[in-house]
Amino acid sequence: MDTEHDWITTTGIADLLRGALDVERTEHGVLPHRLPARARAQNTDGQLAMAESQPSGVRLAFRTRATAVELDTLPTKRAYVGAPPRPDGVYDLIVDGRPAGQGSVSDGHVLIIDMMAGTTERRPGRPGTVRFAGLPARDKDVEIWLPHNETTELIALRTDAPVEPARDTGRKVWLHHGSSISHGSDAASPTGIWPALAASLGGVELINLGLAGSALLDPFTARALRDTPADFISVKIGINLVNADLMRLRAFGPAVHGFLDTVRDGHPTTPLLVVSPILCPIHEDTPGPCAPDFSGMSNGRLRFVAMGDPAERASGKLTLGVIRDELARIVERRVADDPNLHYLDGRELYGETDSAELPLPDDLHPDAATHRRMGERFARLAFTAEGPFAGPVQGGAD
């Protein structure tokens, strides 16, 4: 911390959080969670525990005249055995709705993951500080979007002028659930993930329950959606069920119905959009499971491959094509009694033409340019006058 400013430490930092469903008090400060405590207590999967604690879509929002801001955090980073080092997570600064800076914290814990052995090792680290300076000396709305891919304990917020919670904008709330693609996968920064881009263009407040590797129709996730106030809800279903080879067609249909029924228990008339998977060539007609291919690691490239056999579809194994057909059938069947239920084929966000132009770098996750394209398309398809979440939309182009 420098001595150039008369710093004010904000108490009640948790009160400034948006996009989190729960906040845990820790030894160091507070840890935002994207699933409530009840859901976390019922979870037994380490991947989901890691994903929900990574604050995708979570931000600090406040109003201040400060020209300098410091945020002390304790990140938990990931390192994969045999893979190139991952870049530090990015903190995005937004001032009066416009990008105003980025920063990172290089310190922190490190979770070392060996995908071949299925083991993890946690190496403890120390807190660090991200600092933004040169902000305009006037009243302004400030947001600090936390790294979408690093678990982030918040320790202290310092400014050189008082802070108050951001004003209520009156914007509607969009609650979204999906896989690592919705979580942010290979996006460049937290405001660059496609749901954040779509929310910005649609003029709505985002609550992002994109959970890497964990969009698996878990009942506790459905209850979290049910219990979270929202004006619009979307659920993007499919890719993780194929990746994990989790269930067969016989179980999939009833599980989708049950998931939607639970959401509807809390949101009986809220516009609800079911989104099928984007194009993923390795799994269009080939079932899972999905596995990492380390053969290209000498060139620093990790790819994923589908391990199933297309012939296994006959015995009920799921592919993305099978899932899209079933989701379309389920929505068509339910919409007669639920006129606020809608369906979107994920290939309208990223399809064959897009795949030829912007192929998935690891054959599974979109890159930053594809996240932008998907966000712009979703905003037009969902938030414009003809969309299920009708409302104003700004700019954007394919």
Side-chain angles (χ1 to χ4, degrees), residues 14-23 32-39 52 54-63 92 94 96-97 141-146 148 165-178 182-184 190-211 215 220-237 259-260 262-275 338-342 344 374-376 378-385 387-394 396:
D15 297 333
L16 305 180
L17 282 169
R18 290 185 177 178
L21 296 192
D22 194 13
V23 178
H33 286 281
R34 293 187 298 126
L35 285 178
R38 179 186 177 192
E52 72 83 27
Q54 294 172 345
S56 180
V58 179
R59 60 271 186 202
L60 292 168
F62 51 92
R63 190 162 177 81
D92 277 337
I94 305 296
D96 289 335
D141 292 315
V142 176
E143 292 183 341
I144 302 175
W145 287 63
L146 305 179
H148 61 285
R167 299 170 299 183
D168 183 3
T169 63
R171 292 190 294 184
K172 294 184 176 181
V173 174
W174 170 36
L175 175 62
H176 175 69
H177 171 57
S182 299
H183 187 140
T191 59
I193 67 173
W194 78 259
L197 289 163
S200 177
L201 292 169
V204 297
E205 291 282 336
L206 172 67
I207 300 176
N208 185 25
L209 296 191
L211 300 168
F220 52 73
T221 302
R223 288 191 289 271
L225 293 165
R226 177 196 66 190
D227 297 338
T228 301
D231 299 288
F232 312 116
I233 302 172
S234 52
V235 290
K236 193 169 179 296
I237 299 169
F259 197 91
L260 297 177
T262 298
V263 174
R264 277 298 186 223
D265 285 343
H267 301 276
T269 60
T270 301
L272 173 56
L273 178 62
V274 175
V275 187
D338 187 353
N340 293 310
L341 180 67
H342 308 271
L344 175 64
M374 289 176 59
E376 291 169 348
F378 187 91
R380 282 200 301 276
L381 291 166
F383 291 111
T384 50
F389 304 159
V393 66
Q394 310 161 2

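One-based numbering along the sequence shown. Values below: every heavy atom of this structure, side chains too, minus hydrogens, waters and symmetry copies.
Inter-residue side-chain proximity for Val204 and Arg171 is flagged as unmet; no heavy-atom pair is nearer than 4.5 Å. Between Phe232 and Pro388 the shortest side-chain heavy-atom distance does not fall below 4.5 Å. For the pair Phe383/Lys172, no side-chain contact is recorded, criterion being any heavy-atom separation below 4.5 Å from C-beta on. In this structure, the side chains of Ile233 and Thr228 stay at 4.5 Å or more apart for every pair of heavy atoms. Inter-residue side-chain proximity for Thr270 and Arg264 is flagged as met; some heavy-atom pair is nearer than 4.5 Å. In this structure the side chain of Phe378 never reaches within 4.5 angstrom of the side chain of Leu197, judged on heavy atoms. Side chains of Thr221 and Phe259 form a contact here, defined as non-hydrogen atoms less than 4.5 Å apart. Residues Leu17 and Leu60 form a side-chain contact, since some pair of their non-hydrogen atoms from C-beta on lies under 4.5 Å apart.
The nearest pair of heavy atoms linking Pro271 to Asp231 is CD-O, 3.4 Å. Nearest approach of Ala385 to Ala390, heavy atoms of both residues: O-CB, 3.9 Å. Smallest separation of non-hydrogen atoms from Leu146 and Pro55: CB-CG, 3.6 Å. Closest of all the heavy-atom pairs between Gly19 and Arg59 is CA-NH1, 3.8 Å. Of all heavy-atom pairs between Ala224 and Leu35, the closest is CB-CD2, 4.0 Å. Heavy-atom minimum distance, Ala215 versus Lys236: CB-O, 4.3 Å.
Considering CD of Glu376 and CH2 of Trp194, their distance stands at 13.0 Å, rounded to 0.5 Å. Separating the OG1 atom in Thr191 from the CG atom in Leu206 is a distance of 11.5 Å, to the nearest 0.5 Å. For the atom pair Arg38 CZ and Asp22 CG, the distance stands at 13.5 Å (nearest 0.5 Å). In this structure, the separation between CG on Leu260 and CZ on Arg226 is 14.0 Å, given to the nearest 0.5 Å. Annotation: the span from His267 atom NE2 to Asp227 atom CG amounts to 7.5 Å, rounded to 0.5 Å.
The backbone N or O of Val235 sits nowhere less than 3.5 Å from a side-chain atom of His177 that would complete a donor-acceptor pair.
Residues that satisfy the salt bridge (charged side-chain N to carboxylate O under 4.0 Å, His left out) test with Asp141, not counting sequence neighbours, are Arg63, Arg167.
Considering His183, His148, Arg34 in turn, His183 is the only one that fulfils the side chain to side chain donor-acceptor pair (under 3.5 Å) rule with Gln54.
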If you apply the rule side-chain contact (heavy atoms from CB on, under 4.5 Å), what do you find for Ile193 with Trp145, and how did you get there? CA-CA 11 Å; Ile193 67 173; Trp145 287 63; 5.8 Å; no

